[in-house]
2 protein chains.
Amino acid sequence: MIRLLYHAQVYSSPYAIGGTAIAIQDDRVLAIGSEEDLLSQYGKMALCEDMQGACIFPGLTDAHLHLEQYALSLQRVNCETDTLQECLKRVEAIANKTPAGKWIRGHGWNQNLWHEGFGDNILLDAVSPHNPVYLTAKSLHAAWANSQALALAGIDETTPDPPGGKIQRNSQGQPTGILFESAMQLVERILPVPTPQEVADAILEAQRALWQMGITGVHDFDQSRCFSALQILDQSNTLRLRVLKSIPLENLPDAIRLGLRSGFGSSFLKIGAVKLFADGALGPHTAAMFQPYENEPHNTGILLLDHEDIVEYGREAVQHGLSLAIHAIGDRANHEVIHGLAQIRAYETHQGFSPLRHRIEHVQCLHPEDVPLLAQHHILASVQPVHAISDMEMADAYWGTRSRTSYAYRLLQNHGTTLIFGSDAPVESPNPWVGVYAAVTRRKLNGFPGENGWYPEQRLSVQDAMAGFTVTPAFAAYRERELGKLDQGFLADLIVLPVSPFDISQDQIPSLHPIATMVGGEWVFGGVES
Amino acid sequence: MIRLLYHAQVYSSPYAIGGTAIAIQDDRVLAIGSEEDLLSQYGKMALCEDMQGACIFPGLTDAHLHLEQYALSLQRVNCETDTLQECLKRVEAIANKTPAGKWIRGHGWNQNLWHEGFGDNILLDAVSPHNPVYLTAKSLHAAWANSQALALAGIDETTPDPPGGKIQRNSQGQPTGILFESAMQLVERILPVPTPQEVADAILEAQRALWQMGITGVHDFDQSRCFSALQILDQSNTLRLRVLKSIPLENLPDAIRLGLRSGFGSSFLKIGAVKLFADGALGPHTAAMFQPYENEPHNTGILLLDHEDIVEYGREAVQHGLSLAIHAIGDRANHEVIHGLAQIRAYETHQGFSPLRHRIEHVQCLHPEDVPLLAQHHILASVQPVHAISDMEMADAYWGTRSRTSYAYRLLQNHGTTLIFGSDAPVESPNPWVGVYAAVTRRKLNGFPGENGWYPEQRLSVQDAMAGFTVTPAFAAYRERELGKLDQGFLADLIVLPVSPFDISQDQIPSLHPIATMVGGEWVFGGVES
């Protein structure tokens, strides 16, 4: 079938208007050009749709999100509240209508925003006396449990801190319900486990929410159950997002034994990079830094992998056709990763391998000397602009002047680094328009810290910000010849916007919403025929 | 692009002529019908090709072959000779032009056809004094090495037989160079290992050979290196066979941890079933039988898995979306597998899983009471008709009257069993026309054992034999809606035959060859534009 969308402003990419009409055959772009030309060539045989002057843009890709966790989060208590009291109120409301004994899950709190700081188990017990409660922090590096949850997990004053984790305790040595890093596993391992089919059902709902924001593709960083769920959807032809699925490091030996390589898969679901973690995160002060946190003179965070580890895992991976995506937040962690990847580049060259598209996830704080090295070694910077505006106060408070080269998108770009943009959902909302706004303004949605934003020299153009959600993620997925642009032969994944993001004021960007979204030549949201 | 093949006899399937023309758009069938209708509808916009009265048929699938081994075998000494002397002569010819120390590989000998029986290391040493030699038997269940190869493998009179294997020894206890089953590993583990890229290069050559026989799809039963090689080809868009890739049992835990499911993959490369081995083979007398081999009153073969093992592995597999393909040759092995799979069917029902398309590979000898059970439990019989004509004398000699329900294709079909056909290449030639001939005539190529063939009641119609290479393998791969037939929306994988296989005498079938082969709408062999 041929479909002709006319009376539109069709962007081939953020940098180029292609014409006023686009013809689509089956799932691909047949032609872009002037309304006159395309109507005369295809008008008779095509299904013609008047776009009424709207703007057509390539579909957006969120290059870093946790699809299963985001999907399940849509079913959880939203703990992203201004006060601890409001959070407790929301838990209470759910507890009142949940059968006794059934787990209550929630997500999104940040003790840094609450004047009391962390909550504790006693506070939760008061609002949920009959249900175990487990609430993850927005950073996903800490959690808050009530007494019933602690008891079910077997956590008491005799439980030692697990390696790489910490059980917060009060002055009597009793656990307070707050668990850091690997200590979260003590509860998580006893939580009821959703089946792949349940996850698949949740992803179907999430997919709908993402389409409404203009997202037609994601790079997922969840685990193997999410991969199973995605295959269930793909095989029933209900997966209508282009998913690049990363492989957790723990599965690297499995992938190698099986012979699975990055790039394998269907048009909707492909194998991505092996995901490694080099450190923790800013919120819980576990990101690995060269110098201590400003408010903790003896804490430099937790380095999980040094450059030798990266080289060791990395050689194994690239030798078997698997690329790398390495989480690094602190300047020390980024330093280790960059130097590890530089050695991997040398190894690839020495072995005669074609260079894979390795990426660093987050790249939040860089040592000034390391900034030019990403471009030099062709390392993709997978960043989440919304983190810059969410984290700015924490960054100033805990990293001080080191924030000058943190979330330093413009600086990286000026050095020639390829930036790919994501949201880290459910850590943040996956709304890409908030991401574009953040990258362009460096201001919170409420305008803070004022007109020029936080470190205004790092602001990007709207074009460059949109490229981070379109062209560059397609490159990272080795799909730059069929995704991320609207051009002849490219997949017909597109969004229809009421106005061009280039023609509105910056403050209007976060509330931009597509009026229709097309994936593989079919309207999945809105549209004339939906 | 639209392509119109006209002036043809177009078979939609072995059972139905669809018309005299077929229109193809991009990689799929747009329409089948009369030349007049299709020329008037698409003639102006299409590239029209006059097929000069030829017969167009769906492309054939070999549902059981070892693609890597077949590809590498094309580079090896062909040891399928009438005499041991001829085999030695071929090795000598290669040895004379191979640098000293480099391995010489060969394949295809069968001691049952040589009046001396097995060769030995001394004979090989005489023709290859400076090169290690390793020649695998046609059955792949035995191998023949020279002294240099034995020495490199560390095999001498002190080496014990490994579990599941045997080192043949002379009366002085010295190894003779003949290794059975797992003892082959002692040499194979020290053979130079081809890289995935080298295997990929070999597969490209093999693909060309297969297209020339009319094969456009294969179900592969090789290991993970083959899977890697196939991904390399798929990602460079040079894989133009529809491959269903099985997973060896040893990789089942890896697949489960990764979350990999049967059916995942691209249009050219999809994950198939987990492959298990329930016994050995007829040639080396290791197929597991209820009663002893006719000539070996104390040998009932080797049973590798009983029905409880099948249930144990099978539950693990189906729980994670992986179907099963189980090698079973002897009546005892088939009995265990059938009863194991029956329990897996009950488990699937009990768990509310949709039933997967499990298959038995080879199904050579069945106990008469087990014959109806395959259909009853919807177990696919993956058989290789060429084995029937290669093995008939061995079957008569070693299984006696049990041959009555061996290679019993017609009997299985009469009970409602779905038969899928393959070649087991490189154990046999992958030429599917020999397979069709074997299924239809039950005669060797030289006519033996006479006009009606071996157990003539098992002969199939040409239609049914062709279905085993087209319609049913597509079903086994869960692709019956897009492969195995030529119908609107199906993938345009087709072959052009000079005459219809239904219009020629049976004896002409083995020499039938396509004049052109198309995969995904493109001529890959022959054709007007090739």
Side-chain angles (χ1 to χ4, degrees), chain A residues 1-2 25-28 30 45 68 195-197 199-200 222-237 239 245 247-248 250-271 274 319-322 351-354 478-479 481-482 489, chain B residues 1-2 25-28 30 45 68 195-197 199-200 222-237 239 245 247-248 250-271 274 319-322 351-354 478-479 481-482 489:
Chain A
M1 190 187 79
I2 297 179
Q25 182 164 41
D26 301 326
D27 63 345
R28 292 189 183 254
L30 183 59
M45 68 186 99
E68 173 180 320
T195 65
Q197 184 63 56
V199 173
D222 272 334
Q223 315 296 310
S224 61
R225 181 178 52 212
C226 182
F227 181 39
S228 280
L230 288 164
Q231 288 168 82
I232 290 173
L233 297 176
D234 191 32
Q235 286 170 43
S236 62
N237 295 317
L239 182 63
K245 181 73 196 78
I247 298 173
E250 69 195 56
N251 292 128
L252 173 60
D254 305 317
I256 288 173
R257 279 190 297 264
L258 269 165
L260 192 68
R261 299 168 74 92
S262 297
F264 176 57
S266 70
S267 188
F268 283 102
L269 179 57
K270 286 192 189 292
I271 300 293
V274 176
Q319 211 178 322
H320 294 90
L322 292 158
Q351 298 290 106
F353 298 157
S354 35
Y478 303 85
R479 300 185 79 177
R481 290 183 194 170
E482 61 171 7
Chain B
M1 191 186 77
I2 297 179
Q25 183 164 40
D26 301 327
D27 63 343
R28 293 190 183 255
L30 183 62
M45 68 185 97
E68 172 179 320
T195 64
Q197 184 62 57
V199 173
D222 273 334
Q223 315 297 309
S224 62
R225 182 177 51 211
C226 183
F227 180 38
S228 280
L230 287 163
Q231 289 168 83
I232 290 172
L233 296 176
D234 191 31
Q235 286 170 42
S236 62
N237 295 315
L239 182 65
K245 181 71 198 80
I247 297 172
E250 69 194 55
N251 293 128
L252 174 60
D254 305 317
I256 289 173
R257 279 191 297 263
L258 269 166
L260 193 69
R261 299 168 74 92
S262 297
F264 176 58
S266 70
S267 187
F268 283 102
L269 178 59
K270 285 189 188 293
I271 299 293
V274 176
Q319 211 178 319
H320 293 91
L322 292 159
Q351 299 289 105
F353 297 155
S354 36
Y478 302 85
R479 301 187 78 177
R481 291 184 193 168
E482 60 169 9

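Computed from a prediction, not measured in an experiment: that's the story for all the values here. Sequence lines set the chain letters: A, B, ... in the order given, protein chains first and strands last, and positions in each chain run from 1.
- At least one side-chain heavy atom of R261(B) sits less than 4.5 Å from a side-chain heavy atom of I232(A).
- Residue with the most contacts toward chain B among C226(A), G321(A), G263(A): G263(A) (heavy-atom pairs, distance under 4.5 Å).
- Of the two parts of R225(A), neither the backbone nor the side chain holds a non-hydrogen atom closer than 4.5 Å to a non-hydrogen atom of chain B.
- Heavy atoms of L230(A) lying under 4.5 Å from chain B are absent altogether.
- With a 4.5 Å cut-off on non-hydrogen atoms, L258(B) touches chain A through its backbone and its side chain both.
- Within the 4.5 angstrom heavy-atom criterion, no atom of S354(B) approaches chain A.
- Scored by the side-chain contact (heavy atoms from CB on, under 4.5 Å) test, E250(A) finds Q223(A), P248(A) as partners (sequence neighbours excluded).
- From Q25(A), atom CD reaches atom CG of D26(B) across 6.0 Å, with rounding to the nearest 0.5 Å.
- In this structure, I271(B) and F264(A) have side chains that are in contact, with non-hydrogen atoms separated by less than 4.5 Å.
- Summarising the geometry of G265(B) relative to S266(A), their closest heavy-atom pair is O-CB, 3.2 Å, with the distance given to 0.1 Å.
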* Pair Q231(B)-L260(A), side-chain contact (heavy atoms from CB on, under 4.5 Å): steps then yes or no -> CA-CA 8 Å; Q231(B) 289 168 83; L260(A) 192 68; 4.2 Å; yes
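- Residue R257(B) touches chain A through both its backbone and its side chain, counting heavy-atom pairs closer than 4.5 Å.
- Listed for the S228(B) side chain is a donor-acceptor partner under 3.5 Å among the backbone atoms of G259(A).
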